[in-house]
Protein chains: 2
Amino acid sequence: MAGGQGGEAGPDGEAADRYLVRSVARAIRLINIVADGPPEGQPLSDLARALGASKSTTLALARTLTSCNLLRDVRPGPRYSLGTALIRLGDIARSQLPLGDICRPVLTDLAQLTKMTSRVAICDEGYPVFIERVDGPGSVRFHTPLGQREVPHASAAGKAMLATMPEQRVREICDQTGLRAKTAHTITDIGSLLANLALVEERGFAVDDEEDAEGILCVGAVFYGHDGSCAGAISITGIKGDLPAWRAHELGRTVRRYADKISELLGGPRHADLAAPAGARA
Amino acid sequence: MAGGQGGEAGPDGEAADRYLVRSVARAIRLINIVADGPPEGQPLSDLARALGASKSTTLALARTLTSCNLLRDVRPGPRYSLGTALIRLGDIARSQLPLGDICRPVLTDLAQLTKMTSRVAICDEGYPVFIERVDGPGSVRFHTPLGQREVPHASAAGKAMLATMPEQRVREICDQTGLRAKTAHTITDIGSLLANLALVEERGFAVDDEEDAEGILCVGAVFYGHDGSCAGAISITGIKGDLPAWRAHELGRTVRRYADKISELLGGPRHADLAAPAGARA
DNA sequence: CATATTGTTCGGCACTGCCGAACAGACCAC
DNA sequence: GTGGTCTGTTCGGCAGTGCCGAACAATATG
């Protein structure tokens, strides 16, 4: 055994998908290491250590990535940080998701009306993935990462999406994630969550009352695609102290209205038309 | 010669930087092929053809990228399109550029005030690279790619940046790019361009009057970093027909003011303080 | 100046990326 | 139904190439 992998133990643990290209996977891990590092970048040695590869290997990978502008080295004492090509690819990725272009104008309007940060998430196997964010005028900026799976039980968009699923599926997802507490207000009990989701279903919007972050309030609502299934959710985010308690409901109705607007653009049904039949006929 | 590279001829043309990892470079090319393709994605065969590699190789690369969420395959008849991890990385890349976080609130305000799309570009070796875009309320959305080098002579941000450079450098850059005409109004003559830049320098803002795209008007202005050098430029974009001609100057002053605001946030000098000394002391 | 870092280059081994060929479904023409 | 061509997938096998380590150079830090 010459190469010898160094850091990783034995047969790579997963071995899930065969036919993977090792050096490419390693290069991507390198990108993620840089992404998770400090904004000013990291020197080569740190990267090699974190990657579990030799300096020469890491240099070759970093050079390759740099030549494609996925990474860039800031000049004095080469430190590597993310490159502009990632901005380009991320921008294209967002506009290729059909939702991106459709939702942006709606988010812009919503952000301006409510003066809050508004976002849209797609539904990725039941988990919310935020793909777009529009800040309101003068609104405080929150650190809200885009493009990664979030836990659904602690966000307005996530709960709005859960509320459209059968109870069985909700239990499955919650078993996977574990209902971890992110603040003292996070719902960590499956019974309470299901009760909350019933309320969400009835109202047509979900409220995250400091359940994801202390002092932050979110209101979210789902929209539907042309096939009638849940396509994603929008939500608005603000500082709880800035809002009188009674405004939550008003904001909820507003978000519900804008979500219906997106459903309409997608050729899907409005929320009320989906919920009504059973109750209305009784 | 066993592998045989297929598409590319001989010793890879450049051979510029040695120590590159071939499979990684190929994987990145694959990502770019997907990015330049249709939003609904492309089947494996097309990718293999475009990449100049065998299907099996392409499959291995695509699988690897998919397992990291850089690509995703839409299920019936696997078609590959860009994955959500790119959205995440692009978002992080933007916020790692110190300018991103600083400019976004300013852009938001500017977009709301002018009801136009506002953008910010960094100065990448003299070329503008737009890194952030904020749409105005109700504004038409333009297809304005982020994260890639633009030619400087045909955009407001680019001309604003050129105007801060010595004439020699401007000529260098223009020699490289060639002053290609993008519309009938594009300045394609170095003399006219230099004259225009002098005006830009004096006014403190640049105007792109249908020079980049037919019917589109942009106004841009540079801002300065703590070392007093040009750090980038902001610009606003709108449909020319919607604006009375006299508004260009008013918008110019507005953009100039907001650019100064960014300079201030960066600890840099205002434009007027930079231009004045020689004249004021005389 | 000495020491401990870092970034860079190079030789060489064998692992791994790569291709081609063979297989299996889907789709279309006839 | 059957023959064709298109897909996507799996597999053997060769050598090219990714990888490491060691030696070097260029910096910081004492």
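Note that these values count all heavy atoms, side chains included, but never hydrogens, waters or copies made by symmetry. In what follows, every chain begins at residue 1, and chains take the letters A, B, ... in the order their sequences are listed.
The nearest whole Å value for the distance from the CZ atom in B/Arg63 to the P atom in C/dC18 is 15 Å. Atoms CG (A/Leu20) and P (C/dC18) sit 13 Å apart, rounded to a whole Å. When the C1' atom of D/dT7 is taken as reference, atom CG of B/Leu47 falls 13 Å away, rounded to whole Å. Rounded to an integer number of Å, the gap from CG of A/Leu30 to P of D/dG18 is 15 Å. One atom, CZ of B/Arg22, and another, C1' of C/dC18, lie 11 Å apart when rounded to the nearest Å. Between the P atom of C/dG17 and the CZ atom of B/Arg29 lies a distance of 17 Å, rounded to the nearest Å. For the pair B/Asp73 CG and D/dT9 P, the computed distance is 8 Å after rounding to whole Å. When rounded to the nearest whole Å, the span between CG of B/Leu61 and C1' of C/dC18 equals 10 Å.
Using a 4.0 Å cut-off, some side-chain N or O of B/Arg26 falls inside it from OP1 or OP2 of C/dC19. At C/dT6, one or more side-chain N or O atoms of A/Arg49 fall inside 4.0 Å of OP1 or OP2 (strictly under the cut-off). Remark: B/Arg79 is not in phosphate contact with D/dT7, judged by side-chain N or O atoms under 4.0 Å from OP1 or OP2.
Here the side chain of B/Thr57 is nearest to one of C/dC18, D/dC19, D/dC11, namely C/dC18.
Going from atom CD of B/Glu150 over to atom OH of B/Tyr127 covers 12.5 Å, rounded to the nearest 0.5 Å.
The residues B/Arg88 and A/Asp36 are annotated as salt-bridged, a charged nitrogen and a carboxylate oxygen being separated by less than 4.0 angstrom. Remark: B/Glu264 does not engage B/Arg270 in a salt bridge, criterion side-chain N to carboxylate O under 4.0 Å. Ion pair A/Asp124/A/Arg149 flagged as a salt bridge, since at least one NZ, NE, NH1 or NH2 atom sits closer than 4.0 Å to an Asp/Glu carboxylate oxygen. In summary, B/Asp73 and B/Arg63 do not engage in a salt bridge, as defined by a charged side-chain N under 4.0 Å from a carboxylate O.
Base contact: B/Ser54 has a heavy atom under 4.0 Å from a base atom.
Along DNA chain C, the nucleotide nearest to A/Asp46 and the one nearest to A/Val24 differ in position, and the one closer to the 5' end is contacted by A/Asp46. Comparing B/Ser56 and A/Lys55 by the nucleotide of DNA chain C that holds the closest heavy atom to each, the one mapping nearer the 5' end is A/Lys55.
Side-chain to base pairing of B/Ser45 with D/dG8: no donor and acceptor N or O lie closer than 3.5 Å to each other.
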